[in-house]
Amino acid sequence: MKKFINDPEHFVDEMLEGIYLAHPEVTHVGDDLRCFVRTEPVPGKVGLVTGGGSGHLPLFLGFVGHNMLDGAGVGGVFQSPSSEQVLEVTRHVDQGAGVLYLYGNYTGDLMNFDMAGELAGLEDIQTMTVLGRDDVASSVVGEKHKRRGVAGIFFAYKAAGAAAAAMHPLAEVARLTQKASDRTRTIGVALSPCIVPEVGRPSFQIGEDEMEIGMGIHGEPGITRKTLTPADPMVDEMMARILAEQTYDTEGDVAVLINGLGATPLEELYVIYRRTAQVLEQAGARIKHVFIGEFATSMEMAGASISVLQLDDELEPLIAMDANTPFFKHIAR
Amino acid sequence: MKKFINDPEHFVDEMLEGIYLAHPEVTHVGDDLRCFVRTEPVPGKVGLVTGGGSGHLPLFLGFVGHNMLDGAGVGGVFQSPSSEQVLEVTRHVDQGAGVLYLYGNYTGDLMNFDMAGELAGLEDIQTMTVLGRDDVASSVVGEKHKRRGVAGIFFAYKAAGAAAAAMHPLAEVARLTQKASDRTRTIGVALSPCIVPEVGRPSFQIGEDEMEIGMGIHGEPGITRKTLTPADPMVDEMMARILAEQTYDTEGDVAVLINGLGATPLEELYVIYRRTAQVLEQAGARIKHVFIGEFATSMEMAGASISVLQLDDELEPLIAMDANTPFFKHIAR
Amino acid sequence: MEKITSQDIPRLFTRLSEVFAAQKEALITLDGHVGDSDLGLTMAKGFAAADKAMADLGDAPIDAQFKAAGAAIARAAPSTMGTLMATGFLRGSAAAKDCDALGTAQMAQFWVAFRDGVAQRGRAQVGDKTVLDVLHPIAETLTAQADAGADLTTALDAAHARAVTALEETKDLVAQHGKAAAFQEKTRGIQDAGSTVAVILIQTFAEFVQGKS
Amino acid sequence: MEKITSQDIPRLFTRLSEVFAAQKEALITLDGHVGDSDLGLTMAKGFAAADKAMADLGDAPIDAQFKAAGAAIARAAPSTMGTLMATGFLRGSAAAKDCDALGTAQMAQFWVAFRDGVAQRGRAQVGDKTVLDVLHPIAETLTAQADAGADLTTALDAAHARAVTALEETKDLVAQHGKAAAFQEKTRGIQDAGSTVAVILIQTFAEFVQGKS
Ligand SMILES: Nc1ncnc2c1ncn2[C@@H]1O[C@H](COP(=O)(O)OP(=O)(O)O)[C@@H](O)[C@H]1O
Ligand SMILES: Nc1ncnc2c1ncn2[C@@H]1O[C@H](COP(=O)(O)OP(=O)(O)O)[C@@H](O)[C@H]1O
Ligand SMILES: [Mg+2]
Ligand SMILES: [Mg+2]
Ligand SMILES: [Mg+2]
Ligand SMILES: [Mg+2]
C-alpha cells in the first residue's frame with residue numbers, strides 16, 4: 001500500500017485537520033472533527049445535511065458551502081457517520097426552518113440518518129430526506145428504490161443548495177431536490193481497485209485487459225466485467241444504459257457530469273466527454289451545463305462515471321446558480 | 001496500459017475536442033486545435049502565452065482564462081509545441097501591448113518559444129520571457145538557472161494574470177511575474193510512474209516500499225530514491241529543502257500550493273497540507289493563501305508536490321485576485 | 001455455567017473482542033466479494049469499543065452492560081452491521097431489564113429482542129440474504145429450547161448448530177439489501193457476510209457458557 | 001556512390017525513417033534513464049514526416065530538400081532533439097545551397113553547418129553531454145577527410161567510426177542540459193540519448209553511400 005498517510009487509524013482525522021487548517025469557512029461542532037459544518041450559518045434558511053464515508057473527496061463534505069450544503073457527517077473510510085454525529089450536525093445547522101437530509105442510498109447511512117432524524121424530531125427539529133440513487137447499473141429499471149447513490153448526487157446537491165438559498169420552505173426544497181435526484185442517471189466504469197488504508201490491500205483483482213462496468217464508489221467490484229475497449233465504444237455502451245431510461249424528444253435540455261474516480265487523468269475525462277457529447281447530440285439532447293473533474297472519488301481508483309440530469313424550467317436555474325465551497329466553485333455565465 | 005483512450009496518436013487532439021465542446025470560452029486559432037486561446041481577447045492588455053507538453057492538465061492550457069493567461073501552445077504528451085504553433089498563438093493574443101511568454105524551463109520549450117519570439121519580433125510583436133524554474137530538487141542552490149519548472153509556475157501564472165488584468169505594460173508584467181517565479185520553491189515526491197499513451201509502458205520502475213523525492217512531471221525518475229516513510233517525516237524532509245532557501249524572519253507571508261500528480265487522492269493532499277502548515281508555522285511563516293488539488297499532473301502518476309511562494313506587498317494582491325478559467329476558479333475572500 | 005451473571009458479561013465482551021479481532025481479515029475478504037471489504041474492520045472496532053465500555057462501566061446490572069455495549073458499537077462502528085449490532089444489543093438490553101442473570105428463558109428473550117430490533121432497523125425480511133437469516137433461527141431455536149426446559153449450554157449449542165446450517169443456506173439466496181443488492185443474481189452461491197457475523201456471535205456465546213473460553 | 005545527388009535524397013530519408021522506426025523502442029528506453037522516454041517517438045515521428053515531405057516535394061534541388069525535411073521535423077516533433085535536428089537540417093540546407101551533389105567537401109560543409117546550428121540553438125558547449133559531443137567530431141572528421149581529399153565513402157566511414165567512439169565517451173560526462181541535467185552526477189556512466197541519435201544519423205548516411213541499404 002503506497003499512500004501519503006501516517007497511522008491508517010488517524011487518516012480521516014488528520015485529513016480533516018488539514019481541511020480545517022486550509023479553509024476557515026468550514027469548522028466542526030464541538031470537539032468532534034467529524035461533525036462538519038459551515039462556519040457562518042444563514043439565518044432562517046432550510047439546513048442541508050449530507051454525510052457518508054470518507055475516501056470520496058470532494059464528496060461529501062466538499063459540497064458544504066455558499067449556495068450549497070450546510071453540514072456533513074463524516075464517517076471513516078467508506079463507513080457511515082454515526083447517528084449521534086448526524087444529530088449534532090443537524091442541531092447545529094437548523095435555523096428554525098427544518099433540515100433536509102440528502103445522501104446516498106446505502107443501508108448504513110440510511111439507518112443512521114433515520115435514527116438521527118427521529119431524535120431530532122424529539123427536539124422539534126423537522127427533517128425530511130432525499131436519497132441519491134442514480135446508479136443505473138445497480139438495479140433493474142422497476143427497482144429504482146434499490147439503486148445506489150453515486151456521483152450524480154452532485155446535481156441534487158446543486159439543486160438543493162440553490163433552492164434553499166432562494167429561501168424556499170423545507171417541503172419545497174425537498175420537492176425540488178427529489179426532482180433533481182429522480183431525473184439523474186449515472187453509469188460508471190472502473191479500471192483498477194482501490195485500497196482502504198486500514199485494510200491495506202486492494203478490494204478486488206482485475207486483469208490488465210479488463211474493465212468493470214457499473215462499479216460502485218466503495219471499491220466493490222463492478223456489476224459486469226468486460227474486456228477493455230477503446231474509449232468511444234465504451235462510452236457508447238455506457239450511454240446506452242442511460243438512453244434506455246431517458247428520451248429527449250420533449251425535454252431535451254440536460255446537464256452532464258463526467259466524474260473521475262481518483263486516478264484517471266483529466267485528459268481522459270475529456271476524451272470521454274467528447275464522445276458523450278456526440279452521443280447526446282445524436283439522441284436529440286442539448287447540453288446546457290457541463291461539469292468535468294473529480295466529484296465523487298473512490299480513493300485512488302482508476303475509473304470514471306457519466307451522469308446525465310434531464311433538466312426542466314425549474315431545475316435549470318438551480319443548476320446554473322453560483323456556488324462556492326472550498327472544493328467546488330461555480331461561476332454563473 | 002489501462003486508459004480511456006482511442007488511438008494513442010489521436011489522444012491529444014480528441015482531448016482538445018472534448019475541451020472545446022465543453023468550454024465555449026476557449027477556442028483554437030484557425031485549423032490547428034493545438035493553438036489554444038481565449039475566445040474573447042481583452043483589448044489593449046498584455047498577452048500572456050504559455051505552453052508545453054500535454055499530460056499535465058490543468059497545466060498548461062487550463063490556466064487560460066479571465067485574469068489569467070490568454071493562450072497556450074499545446075504539445076504532444078510531454079512534448080513541446082512547435083515554434084509555428086507558438087507564433088500562431090502569439091499573433092492571435094497580441095493586442096498591441098506585447099506578449100509575455102511564461103513556461104517551464106525545458107530545452108525543447110525554450111528553443112521553440114525563442115524561435116517563435118524571434119519570428120514575432122520580425123512582425124513587430126514585442127515579446128518577453130519568464131521561465132518557471134521552481135524545482136529545488138533539480139539543481140544545487142547556485143545553479144538556479146538549471147532548475148526545472150514544475151507546479152510552482154501556477155503562482156507565476158496567477159501573478160502574471162493579475163498584473164496584466166491591471167493593464168500594466170509588458171515590462172512591468174514581466175517584472176512582477178519574474179518576481180513571483182523567483183520567490184517560488186517546489187519539491188515533489190512520486191510513488192508510481194506514469195504511462196505515455198504512445199509509449200505504452202511505465203517510464204520507470206519503483207518498488208512497493210519506495211518513493212522518489214524530487215521527481216519531475218514528465219515521468220522521469222526522481223533524483224533521490226528512498227524507502228517510503230509515513231507522511232509527516234516525508235513532509236519534514238521535503239520542507240527542509242525549501243526552508244534551506246527561504247527564511248521568514250522579515251518576510252513571513254507565504255502562499256502554499258499542495259499539488260497532486262494525478263492518482264493521489266485529495267484526502268492525502270490534505271494530510272500533507274496538515275504537516276506542511278505545522279512546519280511553516282514553526283518556521284515563522286504566515287500562510288495567506290492556500291491552494292490544494294491538481295494543478296500540474298503527470299498523467300496518472302501517484303505523487304505530490306509542495307510549493308511555497310514568499311509573498312510581499314506587491315505579490316499578495318496579485319495572488320488574491322479573482323480568476324476564472326474552465327479549469328481554475330478563484331473567488332477572492 | 002448455567003447462567004450468565006453481570007460478573008460474566010465483561011469477560012464475554014473481552015472474548016467477543018478477541019474473536020472479532022482474530023476474524024478481521026477473513027471478514028474483510030468475505031465482504032469483498034459483493035461489498036466494500038470493511039466488515040472485518042467494523043466488527044473488530046465495534047467489539048473492541050464495547051469491551052472498553054464494559055471496563056469503564058465497573059459494576060452494573062446486565063441491562064446497563066448491554067446498553068453500554070450497544071452505544072459503544074454505534075459510536076465506534078456505524079456501518080450497516082455495526083449499527084444493526086448496536087440496535088440488537090440495545091433492544092436485548094431492554095429485554096434483559098431487571099434480570100439478575102441470563103438463564104435459557106432470559107437468553108431466548110434477549111435474542112428475540114435482538115432479532116426484532118435488527119429486523120425493524122434494517123427493514124429486511126427473512127430470506128432477503130441478511131444477518132436476519134441467521135438471527136431468526138437463533139431466536140426461534142432458543143425459544144423452543146426454553147419452552148422445552150433445556151439448560152443454557154444445551155440451548156446455545158442447539159442455537160449455534162442451527163445458525164451454522166442457516167448460514168450455509170444463505171448461499172442459495174439473492175441479496176435484497178446492502179451493497180450486495182446491486183449484484184442481484186451474482187450473489188447466489190456466496191455466503192452472506194453479515195450472517196457469518198451472527199454465527200460468530202452465537203458461537204462465542206455458546207463456547208463462553210461451556211467454559212471453553 | 002561517390003556523390004549524393006538530389007535524386008538520392010528521398011531514398012536517404014526513407015532509409016532514415018525506417019531506421020528510426022526500428023530504433024524507436026531502444027531510444028525510448030535510453031531516454032527513460034534520466035529523461036522522459038519520448039526520444040524514440042520524437043525521432044520516429046520526425047523522420048517519418050521528413051520522408052513524407054520529401055515525397056510531397058517532387059523534383060527539387062538538394063537545399064530545398066533538406067529545408068523541407070527540417071521544416072517537417074520541426075512541425076512533427078518539436079521536442080529538444082526534434083527541434084535540434086530540424087535546425088541542423090535547415091542550416092545544412094543553407095550550406096548546401098547551389099550544390100548539385102554532395103561530395104566529401106560539400107558533405108563536410110553540411111555537417112559543419114548542422115553542428116553549428118545545433119550548438120547555437122541549444123547553447124550547449126562540447127563536453128556538456130549533448131548531441132553536440134557527437135556532432136562536433138563528425139564535423140571535424142569530415143573536414144579533415146575533405147582536406148585530405150578522401151572519397152565520400154571513406155570520409156563518412158571515418159566520421160561514423162569517430163562518432164561511435166565519441167558516443168562511448170559521453171558516458172564519462174555529466175549532463176548540463178535538458179531533462180538529464182537535473183540528475184547531475186547520476187548521469188555519469190549513462191550514454192547520452194541524443195548523441196546516440198547522432199551516431200544513427202551518420203551511420204545511416206555512411207551505409208547509404210556504401211550502397212549497403
Ligand atoms: N437492510 C438490512 N437489514 C439487515 N441486514 C442487512 C441489511 N443490509 C445489509 N445487511 C447485512 O449487512 C451485511 C454487510 O454489512 P456491512 O459490511 O457493515 O455493510 P456496509 O459496508 O454496506 O455498511 C450484509 O452481509 C447483510 O448481512
Ligand atoms: N541544450 C541542448 N543542446 C544540445 N543538445 C541537447 C540540449 N539539451 C538536451 N540535448 C540533447 O537532447 C537529448 C534529449 O532529447 P529529447 O528526448 O528530445 O529531450 P526532451 O524530451 O527533454 O525534449 C539529450 O540526450 C541531449 O543529447
Ligand atoms: Mg461499509
Ligand atoms: Mg520530451
Ligand atoms: Mg461492508
Ligand atoms: Mg526526452
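Every chain is numbered from 1 and lettered A, B, ... according to where its sequence line falls, protein lines coming before strand lines.
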#### Entry: Leading residue by heavy atom contact count with chain C [cutoff under 4.5 Å; candidates A/Gly214, A/Gly53, A/Gly108]
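Heavy-atom pairs under 4.5 Å are most numerous for A/Gly108.
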### Task
Go through C/Thr87, C/Leu84, C/Leu41 and name the one with the most non-hydrogen pairs under 4.5 angstrom from chain A.
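Top count of heavy-atom pairs under 4.5 Å with chain A: C/Leu41.
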### Task
Among the options C/Met81, C/His33, C/Gln176, pick out the one with the most heavy-atom pairs lying under 4.5 Å from chain A.
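Among the listed options, the one with the most contacts to chain A is C/Gln176.
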Closest heavy-atom pair and its distance - [X], [Y]:
{"X": "A/Gln79", "Y": "C/Asp38", "result": "NE2-OD2, 3.3 Å"}
{"X": "C/Gln184", "Y": "A/Ser138", "result": "NE2-O, 4.1 Å"}
{"X": "C/Lys179", "Y": "A/Phe78", "result": "NZ-O, 4.4 Å"}

Which atoms of [X] approach chain C - backbone, side chain, both or neither, heavy atom under 4.5 Å:
{"X": "A/Glu84", "result": "side chain"}
{"X": "A/Ser83", "result": "neither"}
{"X": "A/Glu9", "result": "neither"}
{"X": "A/Pro81", "result": "backbone"}
{"X": "A/Phe204", "result": "neither"}

Above 12 or not: heavy atoms from other molecules or residues under 6.0 Å from [atom1] of [X]?
{"X": "A/Asp7", "atom1": "CG", "answer": "yes"}
{"X": "C/Lys52", "atom1": "NZ", "answer": "no"}
{"X": "C/Asp59", "atom1": "CG", "answer": "no"}
{"X": "A/Lys2", "atom1": "NZ", "answer": "yes"}

### Carboxylate-amine/guanidinium proximity below 4.0 Å for C/Arg75 and A/Asp32
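No, C/Arg75 and A/Asp32 are not salt-bridged.
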Measure the spacing between [atom1] of [X] and [atom2] of [Y] and express it to the nearest 0.5 Å.
{"X": "A/Thr107", "Y": "C/Arg123", "atom1": "OG1", "atom2": "CZ", "answer": "10.5 Å"}
{"X": "C/Glu185", "Y": "A/Ile223", "atom1": "CD", "atom2": "CD1", "answer": "13.0 Å"}
{"X": "C/Thr83", "Y": "A/Met111", "atom1": "OG1", "atom2": "CE", "answer": "4.5 Å"}

### Query
Can you find a heavy atom in the side chain of C/His177 that is under 4.5 Å from one in the side chain of A/Leu110?
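No, too far: nothing below the 4.5 Å cut-off.
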### Query
Any side-chain heavy atom of C/Glu25 within less than 4.5 Å of one from A/Arg201?
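Yes - at least one pair of side-chain heavy atoms lies under 4.5 Å apart.
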